[in-house]
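These numbers come from the heavy atoms of this one structure, side chains and all, not from hydrogens, waters or symmetry mates.
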Amino acid sequence: MAFSNLSILSKKIIVTRLICFFWLIAKVMSWKLWLAYRFFPVVPPFHFLFVPSFIHLVLFVFSLAALLALFLFPSNKVLQVSVIAIEILSCLLDQNRWQPWEYQYIFIILAMFINYKNEQYAVSVIIFIFVTVYFFSGIGKMNPAFSQNIQHEIARSRIFKESNSYLYNLLIYHMGYFTGVIEILLSMGLLFKRTIKIAAFFLVIMHLAILALFGPFGIDYDRIIWPWNMVMILILYVVFMANPPVSMQVQALKKGWNKLFIVLFGILPLLNFFGYWDFFLSSSLFTYKPPEMFICIHNQGSSKVLKSFFNVNRNHSLCDSNSVLLDVRAWSFKEMQVPAYPEIRVYKSIKEQLLKQYPGMNATFTVYPYINGRKKRIELN
């Protein structure tokens, strides 16, 4: 099938297959995330959702099988419902599975199912998802924490040279704010016929830059985002750049269950700025605003089994010299290949489970939420 002249139905089928293919890759890469046979605590949203470990395994196997089947038969409504149901059940058993890419993939497949009779409506919903993801991601990046951290990551990268030039470093620092503004403008560009292709082209460049920075030739970090960025690039090309490019039909969002996408992707993310909606569900991507948790273990006791996850670098001021540091985000990346779900309620549950599982552990649990432009230190009670 030539990508130079695609029907709406063809684009819908290609998008479904792309989602399934890269979703499978992400699932395999982060396989421990989907199982309970691990050290990192499983954190369901409600206590009654603690289930035996084999249920996690069964859901994981079913998930892989359903995604593979949907890849082969992308228009099958039973398979679409199966994928959605399995993923929702699996995510209900552990909030760490509520990764931004997982959330996005589930609702793209849901858009396909809801609008199975109207391909244009299905693609319009996908366009709306893309526009809002880039829009809120751009807004989230316009903060000093992002600028400081992007400057640090660029300095670490092997493809960007360090410089003592004041102007160079000033430019790199403010690149964070520029990135946010540009991402917002490009998201708006996806809405208009005259600017669709050019906006999609520059968004592809942005994703390529992310892959260059975080990929194996950059800082080689956060590998789980590699397949996500790849699928975003390909969908941008198929939907917005391959002829004929598709524009969003506003009336599609007003039809039936499509209003759900307005609420989830257009309205609820606004509540995140007031602390009433989760970061990962609000397209707060690489903004460095989500809270982090660090554990200073004073008496290791039975928690010595976690030794391989301790921070061996003593060049930090988070713990005293007689304690060892357990960086929860780094631990999550090392064991599950994904960041821990960055919400304080999740961190409290992690603390409770660790103290229950390792009663001899004497530790201080500290979180660093983003408040008024800075990270604040708060001891978790």
Let me have the donor-acceptor pairs involving side chains of residues 121-132, under 3.5 Å, with sequence neighbours excluded, atom names and distances please.
from, atom 1, to, atom 2, distance (Å)
S124, OG, Q120, O, 2.9
S124, OG, Q120, NE2, 3.3
S124, OG, Q249, N, 3.0
T132, OG1, F128, O, 3.0
T132, OG1, I129, O, 3.0

* Counting only N and O atoms by type, is there a donor-acceptor contact under 3.5 Å from the side chain of R329 to the main-chain atoms of P339? -> no
* Which value, rounded to the nearest 0.5 Å, describes the distance between L59 atom CG and F54 atom CZ? -> 10.0 Å
* Asked: Any donor-acceptor pair under 3.5 Å linking the side chain of T195 with the backbone of G189?
  -> yes
* **K307, NZ atom: more than 12 neighbouring heavy atoms under 6.0 Å** => no
* Asked: What residues, two or more places apart in sequence or in another chain, satisfy ring-ring contact (aromatic ring centres under 6.0 Å, His included) together with Y103?
  -> F107, F265
* Taking only residues two or more places apart in sequence or in another chain, which ones pass ring-ring contact (aromatic ring centres under 6.0 Å, His included) with F48? -> F46
* For the pair N115 (side chain) and N118 (backbone), establish whether a donor and an acceptor sit closer than 3.5 Å, ignoring hydrogens and angles. => no
List the atom pairs, with distances to 0.1 Å, where a side-chain N or O of residues 82-93 and a protein N or O form a donor-acceptor pair under 3.5 Å, not counting sequence neighbours.
from, atom 1, to, atom 2, distance (Å)
S82, OG, V78, O, 2.7
E87, OE1, K27, NZ, 2.8
E87, OE2, K27, NZ, 3.2
E87, OE2, S63, OG, 2.4
S90, OG, R97, NH1, 3.3

* With sequence neighbours excluded, give me every ring-ring contact (aromatic ring centres under 6.0 Å, His included) pair touching residues 356-381. => F294-Y368
* Asked: Are side-chain N/O atoms of T179 and E183 paired as donor and acceptor at under 3.5 Å?
  -> no
* Asked: Do the side chain of N96 and the main chain of Y341 share a donor and acceptor less than 3.5 angstrom apart?
  -> yes
* Asked: Got a sec, which residues hit salt bridge (charged side-chain N to carboxylate O under 4.0 Å, His left out) with R38, two or more places apart in sequence or on another chain?
  -> D94
* Which pairs with one or both residues in residues 260-273 pass side-chain hydrogen bond (donor to acceptor under 3.5 Å, both in side chains), sequence neighbours excluded? -> none
* Which residues pass the side-chain contact (heavy atoms from CB on, under 4.5 Å) test with L9, sequence neighbours left out? -> S7, I13, E119
* Does some side-chain heavy atom of F240 sit less than 4.5 Å from a side-chain heavy atom of P245? -> no
* Who passes ring-ring contact (aromatic ring centres under 6.0 Å, His included) against F50, sequence neighbours left out? -> H47
* To do: Report the residues that fulfil ring-ring contact (aromatic ring centres under 6.0 Å, His included) with H207, sequence neighbours left out, ordered by chain and then residue number.
  => Y134
* Could you grab the distance from atom CG of L18 to atom CD1 of I108, nearest 0.5 Å is fine? => 10.0 Å
* Asked: Does the Q337 side chain pair with the main chain of I224, one donor and one acceptor, at a distance under 3.5 Å?
  -> no
* To do: With sequence neighbours left out, write down each residue that passes salt bridge (charged side-chain N to carboxylate O under 4.0 Å, His left out) with D278, or none if nothing qualifies.
  => R345
* Asked: Please, which pairs that meet disulfide (SG to SG under 2.5 Å) have at least one residue in residues 246-308, sequence neighbours excluded?
  -> C296-C319
* T16 and K12 side chains, donor-acceptor separation under 3.5 Å -> no
* Output yes when a side-chain donor or acceptor of Q353 lies under 3.5 Å from a complementary backbone atom of V42, and no otherwise. => yes
* Can you find a side-chain donor-acceptor pair between W98 and E102 that sits under 3.5 Å? -> no
* Within a reach of under 6.0 Å around CZ of F21, are more than 12 heavy atoms found that belong to other residues, nucleotides or ligands? -> no
* To do: Please work out whether the ring planes of F60 and W34 are parallel, tilted or perpendicular, with thresholds of 30° and 60°.
  => parallel
* **K197, NZ atom: more than 12 neighbouring heavy atoms under 6.0 Å** => yes
* Asked: Is the backbone N or O of K254 less than 3.5 Å from a side-chain atom of N258, with the two atoms forming a donor-acceptor pair by type?
  -> no
